[in-house]
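Here the structure is a predicted model, which means the values were calculated and not measured. Reminder, nothing fancy here: chain letters follow the sequence lines and each chain counts from 1. The basis for the numbers below is simple: all heavy atoms, side chains too, and nothing from hydrogens, waters or symmetry mates.
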Amino acid sequence: MSKPSIPKGTRDFGPTAMARRQWLFDTLRGVFEKHGFVPIQTPSFENLSTLTGKYGEEGDQLIFKILNNGDYLAKADEGLLASKNSKALTASISKKALRYDLTVPFARFVVMQRNELTFPFKRYQIQNVWRGDRPGKGRYQEFTQCDCDIIGTESTLAELELVQIFHEGLSALGVPGFRIAINDRRILQALSEVSGVPASSFTDWTVAVDKLDKVGLEGVAREFESRGIPGSAMAMIENLLDIRKASDAHAALGQMAELLGAGENATQALQELEDLVCRAKRAGVPERNLHVDPLLARGLDYYTGAIFEVVVEGAPVGSICGGGRYADLTGIFGWKGVSGVGVSFGADRIEDVLNHVDGWPALSNVGLDVMVAQMESGDVKAELAAAQACRQAGLSSELYPDSAKFKKQFKYANDRGVRWVMVLGEDERASGVVSLKDMAEGHQDQLPLAEAIAKIQASSAGFID
RNA sequence: GUGGCUAUAGCUCAGUUGGUUAGAGCAUCGGUUUGUGGUGCCGAGGGUCGUGGGUUCAAAUCCCAUUAGCCACCCCA
């Protein structure tokens, strides 16, 4: 007899966790809808070719591939099979894969549905994604992303709206001490150019920069060396570290402008960031929650403009949200020149943070307002009618399914955390009342059914968290 | 992928330098008389000590292998 288990990096969610998660999703949904986003869903798995080549080489390897049905080996390429070249063989034995994020499937969706949609199109999407990563703290193989994207406009008001949504969403969830870091790929591009990094090494450069917080300056230097980036580029990194210490976003942007000189793209990006920060501040996003971080890089290949990341100080997980502008993600699906920007809330990591700081509101997972006890006679006519009357009055109710001893029935109600128990015995029926016990207080009264219902309605549903 | 730690009841863990029938708490179930839960008291069930080999008169304990999990590194959102 082997104990059952679930794959590493996956989790079961019990009633308590689900009460919290549903509240989390409801809260974010409310924020998205308040900003005019509409929901969509896409399939859990896509054609493998839709996903590959969008997330960088590392990302591609983390995509969960689905083996073809049928006798896939018989149909596989003989030569590749014999050479045991897994990577090359994949294409001939797998045509589908679990989605890796919600953004690429969204781009695919937009291209396919373009004639049905009105642009700019604002959608939100709360669904699972899968990554074949090595699981660890705050790292799952299956997790839920809550995305909202605006596609079909280059207006920087879209970035502003998403920053507001970060602030409104995380505030509504009660996430403490979150910090929205913003940067721009165009600025990064210019920085790498100014520091003498060949254009072909830009991606390598961003990967190394992204690691700074983990590996330190020496680590980045080693990265540069192993990736063939001139050591002279280190000077810039140190400058950027200084900028991080700037008193505010305005000062940071000013220093960055000095480093960059007159590159046109970068100048525009700097101006846009400046505007974004100002407008966000005016829109009520506190300065302490918003930081311009010249070292924020982000790994995904498709970002071209503003990029975002949200971290929580002292939290046991990495970033809880991410996002950015992608100028032409639909281009790879055959529709060029459609710019979009989006952000993603990592529900599972936010859940981890709230667990860590014990920051959940009081949520009931009881799901039952009143339980009707069953008499030994097993004649349930009056009980069924009472339970139904409760439901018609908008209460959730159930009749205990067996004519068990009261001790057992009351224990069941207690263990479930049900506050109210109704008893309709001989005596009650004779006098046209019900007995209603308040499990929280321990009192019990006899009163007409209608009054009992009113009393329950006046109380809150459960008494155990 | 590298290093370290761990594996004993449903859960969390004790278990001495190897030595009789492997324990506790929690959980579960039953009892504590009439139609009533939570706290108390009494009782019960439940383990081939991760798996396979070895050393020994004797292994939960020592050795080897193997599997799984945890932590750190690496990598990444």
Taking every non-hydrogen atom, the tightest pair across A:Val311 and A:Ser319:
CG1-CA, 3.9 Å
Interatomic distance at C1', B:rC26 relative to B:rA14, whole Å:
14 Å
To the nearest Å, give me how far apart CG (A:Leu102) and P (B:rA77) are.
16 Å
Nearest-Å distance once atom P is located in both B:rC75 and B:rU6:
28 Å
Any base atoms under 4.0 Å from A:Phe345, or only sugar-phosphate, or nothing? Heavy atoms, all strands.
nothing
Going by distance alone, is a donor N or O of one side chain under 3.5 Å from an acceptor N or O of the other, for A:Tyr302 and A:Asp101?
yes
Base partner of B:rA7, which must satisfy Watson-Crick or wobble distances under 3.5 Å
B:rU67
When the C1' atoms of B:rA9 and B:rA27 are compared, how many Å lie between them, rounded to an integer?
11 Å
Measuring only the P atom in each nucleotide, how far is B:rG25 from B:rC74? A whole number of Å is fine.
45 Å
Nucleotide by nucleotide, 5' to 3', does protein get under 4.0 Å of the base (B), only the sugar-phosphate (S), or neither (-) in nucleotides 31-36 of chain B, counting heavy atoms?
SB--BB
Is the charged tip of A:Arg131 near the ring of A:Tyr100: under 6.0 Å from the six-membered ring centre and within 45° of its axis?
yes
Relative to its sugar, using the 90° cut-off around 0, the base of B:rG50 is anti
Just call it for A:Gly442: base, sugar-phosphate, or nothing, with non-hydrogen atoms closer than 4.0 Å on any strand.
base
Would you say A:Ser339 and A:Arg325 are linked by a side-chain donor-acceptor pair, where the criterion is simply a distance under 3.5 Å?
yes
Provide, to the nearest angstrom, the distance between the OH atom belonging to A:Tyr100 and the P atom belonging to B:rC76.
10 Å
With a 3.5 Å cut-off and just heavy-atom distances, do the side chain of A:Arg139 and the base of B:rC75 make a donor-acceptor pair?
yes
Just how far is it from atom NE2 of A:His167 to atom CZ of A:Phe178, taken to the nearest 0.5 Å?
5.0 Å
Expressed as a whole number of angstroms, how long is the span from A:Gln141:CD to B:rC76:P?
17 Å
For A:Lys8 and A:Arg131, take the nucleotide of RNA chain B holding the closest heavy atom to each; which residue's nucleotide lies nearer the 5' end?
A:Lys8
Could you state the interatomic distance from CD (A:Glu383) to CD (A:Glu398), rounded to the nearest 0.5 Å?
14.0 Å
Under a 3.5 Å cut-off for both distances, is B:rC75 Watson-Crick or wobble paired, and to whom?
none
Looking only at side-chain N and O atoms, does A:Tyr326 offer a donor or acceptor that is under 3.5 Å from a partner on A:Asp149?
yes
Pairwise distance CG(A:Asn183) to CG(A:Leu273) - rounded to 0.5 angstrom
6.5 Å
Once you apply the 3.5 Å cut-off to both distances, tell me the Watson-Crick or G-U wobble partner of B:rU55, or none.
none
Describe the nucleic acid contact of A:Tyr412 in one word from base, sugar-phosphate, nothing, applying a heavy-atom distance below 4.0 Å.
nothing
Starting at the 5' end of RNA chain B and moving along, which residue's nearest nucleotide shows up first, A:Phe143 or A:Arg134?
A:Arg134
Within this structure, what is the CG-to-C1' distance between A:Asp60 and B:rC75, rounded to whole angstrom?
15 Å
Hunt down the Watson-Crick or G-U wobble partner of B:rA44, both distances under 3.5 Å, from any strand shown, or write none.
B:rU28
How far, in whole Å, is B:rU28 from B:rG46 if one measures between their C1' atoms?
9 Å
Report the base-pairing partner of B:rC49 (Watson-Crick or G-U wobble, both distances below 3.5 angstrom), or none.
none
Test A:Met371 against every option in A:Val421, A:Val423, A:Leu399, A:Asn414 by the side chain to side chain contact (heavy atoms under 4.5 Å, CB included) rule and name the one that passes.
A:Val421
Length of the line joining A:Ile350:CD1 and B:rA77:P, which is rounded to integer Å:
18 Å
Rounded P spacing from B:rA59 to B:rU21 in Å:
12 Å
If I pick the P atom on B:rC29 and the same atom on B:rG38, what distance separates them, to the nearest angstrom?
11 Å
Roughly how many Å is it from CG in A:Asp415 to P in B:rG38, rounded to a whole number?
8 Å
Please give the distance between the P atoms of B:rA24 and B:rG43 as a whole number of Å.
12 Å
Let me know the distance between CG of A:Asp101 and C1' of B:rC76, rounded to the nearest Å.
14 Å
Measure the distance from OH on A:Tyr140 to P on B:rA77 and round it to the nearest whole Å.
18 Å
